[in-house]
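Whatever order the structure lists ligands and atoms in, that order sets their numbers, starting from 1. Atom set for the values below is all heavy atoms of this structure, side chains included, hydrogens, waters and symmetry mates excluded.
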Amino acid sequence: MNRPSISDMVGTAVKSVVVTDMHTHLFPPSFARLQMSGADRVLTYHYLIAEAFRTGPASETRFWQTPLAGQAEWIYGRLFETLSPLSEAASGVLEIAQAFAVNIQAEGLDGLRRALMQEADDLYVDRVLDLAGVDRVVMTNDPFDAIERGYWQDRVPLHPRFVSALRLDPLINQFDQVISPLRSMGYQVGPELTDGAQTEVRRFLEDWIERMRPVYCAISLADTFAFPDAGPGGRVLESVVLPLCAQHKLPLALMIGARRQVNPRLQAAGDSTGKASMQPLERLCRDFPENKFLVSLLSRENQHELIVTARKFGNLMPFGCWWFLNTDSLVEEITRMRLELIGPTFVAQHSDARVLEHLIYKWARSRNVVARVLTDKYEKLAKFGWTVDAKAIETDVKALFSQNFWDFVAR
Ligand code: RAT
Ligand code: ZN
């Protein structure tokens, strides 16, 4: 019998590895008002909204006033009925349809509507996660979101495959705007951020760590992120968040480079990207060795510097190819670069899925690209006389798609 080729062994390992999706915007069915699934949600993904507006003049105001089904129909018409759906997000819809055995070209949006479940139940969630080969998804949990807060306060049970992450954007990025919500939740905080106020912010976070049991805390930051920073957000980060994360052994995920609302008329689709300085990150990793940082940068131009920084600091774990980087060519470039500079010691990808069925196309694609890159790299090892066997490949693949994340969280 012929020995399987390296490409076959890698293909099998990558296809069958069970993924932990360490950053999504998904919610379980029990968080009914936040859970998103179904064809209309798939079509109204903000990635597709931005693309649809490029295809010709249209009124954003009218779009936002249109009910969901009408928005989905408009996007479908614009992106699928005139030109071919070549973009990553548009062709992702085809991949979802195919996974549900829908011939979208023949059956149209209605065919997809019939196959996908608009109000997912637990069984449907399991089915989609299984189709995507994902064991667990990490949510993005914002205690400043009144709807979400209600579910947590009611202690609504979580689907067992959903894991929480405590998101702190408002606290760090818009401190002035959280003063009043914090006060109405019973935490005595004022704009001057006295020692007493810091203690109260700490109490707030302790309460939410206790309630959510997050696997990490997270903040998305602008390209202009600076550290240290004398503003209230910077002080909360330095004096409250970092010590608390260290004490609870919680990594802090920093997602840097999002330039919010470059075009506010597009709402959630109106954010952009910008290159950030590596110095704040170096400073954090160096001066806070007791802290662990999961880091993703949004700008392509930052990717090389991020990996170099990761070479310097074991408490920095690069993760994922975020948002505008989650494309075939960029995931390939970034994954290659990471393997070449730090070996398989990073988290290859996260999905950022907002709609349940996104998991299907996002993970199928990431698997494909990573398999391509790994095949190339193992073939090189084989050329140098190194025996590459299926077991070793499985170990590396598991590290990249799940184990590195869990080990880092547990460290
Ligand atoms: O990728 C996205 O969907 C973005 O809109 C953001 O949510 C980003 O991923 C974030 O977590 O801030
Ligand atoms: Zn996200």
Side-chain angles (χ1 to χ4, degrees), residues 19-27 34-37 41-53 75 87-90 92-93 134 136-145 148 162-174 214-225 233 251-274 276 293-300 302-303 306 318-327 330-331 334 347-363 365-366 405:
V19 169
T20 290
D21 194 339
M22 61 146 293
H23 171 58
T24 76
H25 296 267
L26 299 177
F27 289 95
L34 299 173
Q35 193 280 328
M36 289 211 277
S37 59
R41 292 294 185 191
V42 166
L43 262 297
T44 53
Y45 190 22
H46 69 80
Y47 294 26
L48 292 174
I49 293 173
E51 290 169 31
F53 273 106
I75 291 175
S87 80
E88 204 75 33
V93 178
V134 171
R136 276 166 291 181
V137 294
V138 181
M139 301 175 279
T140 297
N141 301 110
D142 177 4
F144 290 102
D145 180 301
E148 177 165 3
F162 285 70
V163 175
S164 92
L166 175 54
R167 181 85 170 225
L168 303 174
D169 285 27
L171 194 63
I172 306 300
N173 294 327
Q174 294 152 306
V215 284
Y216 61 81
C217 296
I219 322 167
S220 84
L221 297 152
D223 54 324
T224 51
F225 171 58
L252 180 62
L254 302 171
M255 303 174 68
I256 310 172
R259 294 179 58 231
R260 301 289 180 190
Q261 297 300 281
V262 165
N263 181 358
R265 287 195 300 277
L266 290 183
Q267 298 193 10
D271 299 342
S272 191
T273 173
F293 300 96
L294 288 156
V295 181
S296 209
L297 288 163
L298 191 52
S299 157
R300 178 191 187 186
N302 272 140
Q303 299 310 313
L306 171 63
F319 76 91
C321 303
W322 179 21
W323 200 344
F324 312 112
L325 300 174
N326 191 356
T327 69
L330 294 176
V331 174
I334 294 165
V347 177
Q349 188 57 311
H350 66 273
S351 76
D352 240 310
R354 283 180 180 260
V355 180
L356 182 64
E357 295 88 350
H358 285 163
L359 292 172
I360 294 169
Y361 87 88
K362 295 200 180 220
W363 281 109
R365 284 163 187 215
S366 299
F405 169 68

Practice problem: Give the C-alpha distance, both sets of side-chain angles, the deciding distance and a yes or no for side-chain hydrogen bond (donor to acceptor under 3.5 Å, both in side chains) between E148 and N141. | Solution: CA-CA 8 Å; E148 177 165 3; N141 301 110; 2.7 Å; yes
Practice problem: Looking only at non-hydrogen atoms, find the nearest pair between D352 and Y47 and report the distance. | Solution: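 Minimum heavy-atom separation between D352 and Y47: CB-OH, 4.3 Å.
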Quiz prompt | Point-to-point distance, once rounded to the nearest 0.5 Å, from CZ of F324 to CG of N326 | solution = 11.5 Å
Quiz prompt | CD1 on I49 to CD on Q267, rounded to 0.5 Å | solution =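 Going from the CD atom of Q267 to the CD1 atom of I49 covers 8.0 Å.
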Exercise. For the residue pair T273 and R300, confirm or rule out a side-chain donor-acceptor distance under 3.5 Å.
Key: no
Side-chain contact test, heavy atoms from C-beta onward, threshold under 4.5 Å: evaluate it for [X] versus [Y] and give yes or no.
{"X": "L221", "Y": "L254", "value": "yes"}
{"X": "L359", "Y": "L26", "value": "yes"}
{"X": "H350", "Y": "D21", "value": "yes"}
{"X": "F319", "Y": "M255", "value": "yes"}

Enumerate the pairs of nitrogen or oxygen atoms, one from ligand 1 and one from the protein, separated by less than 3.5 angstrom; state names and distance to 0.1 Å.
| from | atom 1 | to | atom 2 | distance (Å) |
| --- | --- | --- | --- | --- |
| ligand 1 | 1 (O) | Y47 | OH | 2.9 |
| ligand 1 | 1 (O) | D352 | OD1 | 3.4 |
| ligand 1 | 3 (O) | H46 | NE2 | 2.9 |
| ligand 1 | 3 (O) | R354 | NE | 2.8 |
| ligand 1 | 3 (O) | R354 | NH2 | 3.4 |
| ligand 1 | 5 (O) | H46 | NE2 | 2.9 |
| ligand 1 | 5 (O) | R354 | NH2 | 3.1 |
| ligand 1 | 7 (O) | H25 | NE2 | 3.0 |
| ligand 1 | 7 (O) | R354 | NH2 | 2.3 |
| ligand 1 | 9 (O) | H25 | NE2 | 3.4 |
| ligand 1 | 9 (O) | W322 | NE1 | 2.9 |
| ligand 1 | 9 (O) | D352 | OD1 | 2.7 |
| ligand 1 | 9 (O) | D352 | OD2 | 3.0 |
| ligand 1 | 11 (O) | H23 | NE2 | 3.1 |
| ligand 1 | 11 (O) | H25 | NE2 | 3.1 |
| ligand 1 | 11 (O) | R167 | NH1 | 3.0 |
| ligand 1 | 11 (O) | R167 | NH2 | 3.3 |
| ligand 1 | 12 (O) | R167 | NH2 | 2.7 |
| ligand 1 | 12 (O) | R260 | NH2 | 2.8 |

Self-check item: Metal site the Zn ion (ligand 2), protein N/O/S atoms found under 2.8 Å
Solution: 3
